[in-house]
> 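Here's a structure for you.
Predicted model, so just to flag it, every value in this text is computed and none were measured. For the numbers below, each heavy atom of this structure counts, side chains included, while hydrogens, waters and symmetry mates do not.
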Amino acid sequence: SADASADVSAHAVAVGLRVEAFASTLAPLGLAESMMMAVPNAFGKPTATRGSFDAMVISQVMQTLAQRIASAAAIENEVEPRSAAAAAALAAAKAAFDEATAAQLASARVFQEVSAQYEAAEAEKLRADKAVRANGTELRGLERKQTTCEGRLAKFREGPLATFLELRDRAAPVPEPEVLPAAKAAADLAAESAAEPAVGVTASAGDAIVAGA
């Protein structure tokens, strides 16, 4: 009937589309071009109508698929240990990264603290330098004042102080004894009397010498 024919036709179209989609997935397998051209015809036929060539095409495709599946399984088996090792290495790297990050943050905090201390020390140094310069200026002024005062003190010692010490230690003059007029006259007379006998004695001695001669 017409409906049955339509159903068969629709089924054939659907099978053809599926076969074409299947054939497109076989392209990465690297089958020969003649084999790829025979795939839609071989797989599109019902099993009962397939010939020896169709069976050979299907067998070749199945063999190639089996080889690729085995190869993929082998690769997967090899990849699993590598994946585990890679995962362990990744975990170790992440742990090291986390530790390094924590150390970096700690170092950053220490650096900030040290920087703050350095800035405070630098400010203190500037204040100390300013104070030293001010003290130096004041010290030079005091030294000049000291030199001036020492000069004035030397002049004072050589002048007013020396005069003061001389006047302070000067002894009072010893007064001459007072001589009364009568005592002075008696002393003068005694001196004259003492002088006259000496003259007489000298004359008498001369006379004696003459007489003896």
Side-chain angles (χ1 to χ4, degrees), residues 1-140:
S1 66
D3 292 337
S5 297
D7 292 339
V8 170
S9 178
H11 177 71
V13 172
V15 170
L17 293 174
R18 293 180 62 187
V19 169
E20 289 179 0
F22 173 70
S24 65
T25 60
L26 298 178
L29 296 180
L31 295 173
E33 184 178 357
S34 59
M35 186 71 64
M36 289 295 297
M37 293 177 64
V39 165
N41 186 42
F43 280 89
K45 293 179 180 179
T47 305
T49 61
R50 289 173 183 169
S52 59
F53 180 76
D54 297 329
M56 185 272 294
V57 171
I58 293 173
S59 176
Q60 185 66 33
V61 171
M62 297 299 295
Q63 183 180 357
T64 302
L65 289 174
Q67 291 175 353
R68 292 302 177 90
I69 291 173
S71 177
I75 293 174
E76 184 179 0
N77 292 333
E78 292 178 358
V79 167
E80 286 181 358
R82 294 180 181 178
S83 298
L90 178 62
K94 185 177 183 305
F97 175 77
D98 293 341
E99 183 178 357
T101 301
Q104 184 179 12
L105 293 175
S107 299
R109 288 192 294 271
V110 172
F111 175 76
Q112 291 176 352
E113 294 175 358
V114 171
S115 297
Q117 294 175 1
Y118 173 79
E119 291 176 357
E122 189 69 17
E124 185 64 25
K125 178 180 178 298
L126 293 176
R127 288 193 294 270
D129 291 342
K130 184 178 181 180
V132 167
R133 289 192 296 271
N135 291 336
T137 303
E138 184 178 0
L139 179 60
R140 287 190 294 272

> Taking only residues two or more places apart in sequence or in another chain, which ones pass side-chain contact (heavy atoms from CB on, under 4.5 Å) with Leu105?
Thr101, Arg109
> Does Thr137 have any side chain to side chain donor-acceptor pair (under 3.5 Å) partners at least two apart in sequence or in another chain, and if so, which?
Arg140
> So which pairs with a foot in residues 48-66 pass salt bridge (charged side-chain N to carboxylate O under 4.0 Å, His left out), sequence neighbours left out?
Lys45-Asp54
> In chain order, what residues pass the salt bridge (charged side-chain N to carboxylate O under 4.0 Å, His left out) check against Glu124, with sequence neighbours excluded?
Arg127
> side-chain contact (heavy atoms from CB on, under 4.5 Å) with Ser115: which residues, sequence neighbours excluded?
Phe111
> Can you list every salt bridge (charged side-chain N to carboxylate O under 4.0 Å, His left out) pair that touches residues 92-107, not counting sequence neighbours?
Lys94-Asp98
> Which residues pass the side-chain contact (heavy atoms from CB on, under 4.5 Å) test with Asp129, sequence neighbours left out?
Lys125, Arg133
> Give a yes or no on whether Glu122 atom CD has more than 12 heavy-atom contacts from other residues, nucleotides or ligands under 6.0 Å away.
yes
> With sequence neighbours excluded, what pairs up with Gln63 under the side-chain contact (heavy atoms from CB on, under 4.5 Å) test?
Gln60, Gln67
